[in-house]
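Worth knowing before you read on, the calculation uses all heavy atoms, side chains too, and leaves out hydrogens, waters and symmetry mates. Remember, predicted model here, so these are calculated numbers, not experimental data. Atoms within a ligand are numbered from 1 in the order they appear, just like the ligands themselves.
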Amino acid sequence: MNTPPDQYGVVGHPVAHSLSPFIHGMFARDTEQNLVYRLHEVPPERFRGYVLEFFARGGRGLNVTLPHKEAAASLANDLTPRAERAGAVNTLMLLEENRILGDNTDGAGLVSDLQNNLRVPVEQRRILILGAGGATRGVLGPLLMREPAQIVVANRSVKRAQTLLADFCDLGPVRACGFDELPAEAFDLIINATSASLSGEVPEISADVLGAHSVCYDMAYGKSATPFVRWALERGCARAVQGLGMLVEQAAESFELWRGVRPQTAAVLSALRRHAAEGRN
Ligand code: NDP
């Protein structure tokens, strides 16, 4: 008799647009893992009960996306150090004795995309991060570990950036400010970690932060260039990319945690880029 596949999935609200089933489906096929990965559309008020029941019924792991990442951190019995630091969880995994582990693979995913796929160095670079939400919390620790010269976190609401700063300033040279307090100096790397692109907007910042050598990275991604990527290219930056690579790399981190095998990401990323170019995602 065939062994039933292990159950995985992504829980979010909304989640119908998620590319994760495609990504994990390819990982599972390429690494010959017997698993299924499904979408779980769950509103905030049902999140805790839904997830506990998923694991009680033998589910093995879940990715967690907006708006549940903080709730997932509270629900987990154990947190990895990077999830504890972020205060947000994007990966849940069933451990022995029905304990649930929470991890955050967003930062490792971003760093891997920058360093391995895009060959964009972080070490000794001046980095500007726009936004101070969950995504910034996830990536700040792993970026600071790569010893950049400085990270400036700028947010629409300055208070939120300052609160975030207090949780990370022991890790390296990081400071917080509002969009209108940004220095008129070009950064080496500018990461848009706001959700502005999702509503067709661009954070209201001066183009003085862009130089001809600046690389711009939008964590958001879409069928065509995001508003931030267009904004950056129109103002003459060296290069501007979307966050599809981060999505695939954070998924690979989750997959390795769950299955103990590291999937290759290049073919998955190419397939997603092809689908996007054909307008199918
Ligand atoms: P949150 O809701 O936690 O935070 C949203 C942030 O965006 C806040 O800093 C908010 O500022 C800011 N913001 C929203 N709208 C605007 C606007 N019009 N102008 C300026 N700032 C704005 O979201 P997350 O941090 O979880 O996600 C942020 C982005 O990162 C999303 O686009 C998400 O899809 C993407 N992401 C991509 C991943 C990938 O793998 N590629 C992984 C994780 C996230 P304020 O505090 O002032 O409201």
Side-chain angles (χ1 to χ4, degrees), residues 10-20 22-24 44 63-73 82-83 86-91 103-114 117-118 128-143 152-165 167-168 176-182 190-206 209 216-222 225-229 231 241-255 265 268-269 272-273 276 281:
V10 55
V11 54
H13 182 68
V15 80
H17 65 284
S18 172
L19 298 172
S20 295
F22 176 84
I23 296 170
H24 285 280
N63 283 131
V64 180
T65 187
L66 284 171
H68 302 308
K69 289 185 182 181
E70 285 175 23
R82 60 191 180 182
V89 154
N90 76 340
T91 307
D103 192 10
N104 190 316
T105 65
D106 281 340
L110 174 66
V111 168
S112 176
D113 192 33
L114 288 172
N117 300 336
L118 303 168
L128 169 61
I129 303 182
L130 305 171
T136 299
R137 286 192 163 271
V139 304
L140 205 44
L143 283 173
V152 175
V153 177
N155 197 45
R156 190 170 57 178
S157 140
V158 190
K159 197 159 182 288
R160 194 170 181 191
Q162 284 163 346
T163 307
L164 176 143
L165 182 75
D167 294 338
F168 290 89
C177 67
F179 289 156
D180 54 358
E181 297 164 329
L182 277 167
I190 303 175
I191 299 170
N192 180 22
T194 73
S195 46
S197 285
L198 302 180
S199 50
E201 292 169 32
V202 176
E204 288 185 18
I205 55 164
S206 156
V209 296
C216 293
Y217 190 103
D218 196 349
M219 284 195 192
Y221 47 86
T226 61
F228 178 71
V229 163
W231 177 90
V241 290
Q242 316 190 29
L244 210 50
M246 175 178 172
L247 179 77
V248 174
E249 297 299 334
Q250 61 79 26
E253 285 276 323
S254 299
F255 192 92
T265 53
V268 180
L269 197 44
L272 284 175
R273 290 209 174 105
N281 75 340

Looking at K69, H68, Q250, which one forms a side chain to side chain donor-acceptor pair (under 3.5 Å) with N90?
->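 Single pass found, and it is Q250.
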In the protein, what heavy atom is nearest to [atom], and what distance, to one decimal place, separates them?
atom: atom 45 (P) of ligand 1; result: N155 ND2, 3.6 Å
atom: atom 43 (C) of ligand 1; result: K69 NZ, 3.6 Å
atom: atom 24 (P) of ligand 1; result: A135 N, 3.6 Å
atom: atom 12 (C) of ligand 1; result: T194 CB, 3.6 Å
atom: atom 34 (O) of ligand 1; result: L198 CD1, 4.2 Å
atom: atom 20 (C) of ligand 1; result: F179 CE1, 3.7 Å
atom: atom 8 (C) of ligand 1; result: R160 NH1, 3.4 Å
atom: atom 35 (C) of ligand 1; result: M219 CB, 3.9 Å

Note: A193, heavy atoms under 4.0 Å from ligand 1, region reported as backbone
Structural part of E204 in contact with ligand 1, heavy atom criterion under 4.0 angstrom = neither
Report yes if the side chains of [X] and [Y] come closer than 4.5 Å at any heavy-atom pair, otherwise no.
X: N155; Y: L164; answer: no
X: M219; Y: D106; answer: no
X: V15; Y: T65; answer: yes
X: F168; Y: T136; answer: no

Which of the listed options, [options], holds the heavy atom that is closest to [atom]?
atom: atom 48 (O) of ligand 1; options: E249, R156, Q250; value: R156
atom: atom 2 (O) of ligand 1; options: L66, T65, I129, D113; value: L66
atom: atom 14 (C) of ligand 1; options: A251, S195, G178, G134; value: S195

Donor-acceptor pair, side chain of S157 and main chain of R160, under 3.5 angstrom = yes
Determine yes or no for a side-chain-to-main-chain donor-acceptor pair under 3.5 angstrom, with Q242 supplying the side chain and G222 the backbone.
-> yes
To the nearest 0.5 Å, how far apart are CD1 in I191 and CG in L128?
-> 8.5 Å
Which distance, rounded to the nearest 0.5 Å, do you find between the CD1 of I190 and the CD1 of I129?
->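 CD1 of I129 is found 11.5 Å from CD1 of I190.
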Are the charged groups of R82 and E253 less than 4.0 angstrom apart, N to O?
-> yes
Could you list which atoms of ligand 1 come closer than 4.0 Å to a heavy atom of [X]?
X: D106; answer: 42 (C), 43 (C)
X: G133; answer: 3 (O), 4 (O), 9 (O), 25 (O)
X: G131; answer: 9 (O)
X: S157; answer: 47 (O)
X: A132; answer: 9 (O)
X: Y221; answer: 41 (N)

Check whether any protein heavy atom sits under 4.0 Å from atom 16 (C) of ligand 1.
-> yes
Nearest non-hydrogen partners of T91 and S254, listed with the distance | OG1-OG, 2.8 Å
No-hydrogen, no-angle side-chain donor-acceptor test under 3.5 Å, D218 and T226 |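 Looking only at side-chain atoms, T226 and D218 do form a donor-acceptor pair, the distance falling under 3.5 Å.
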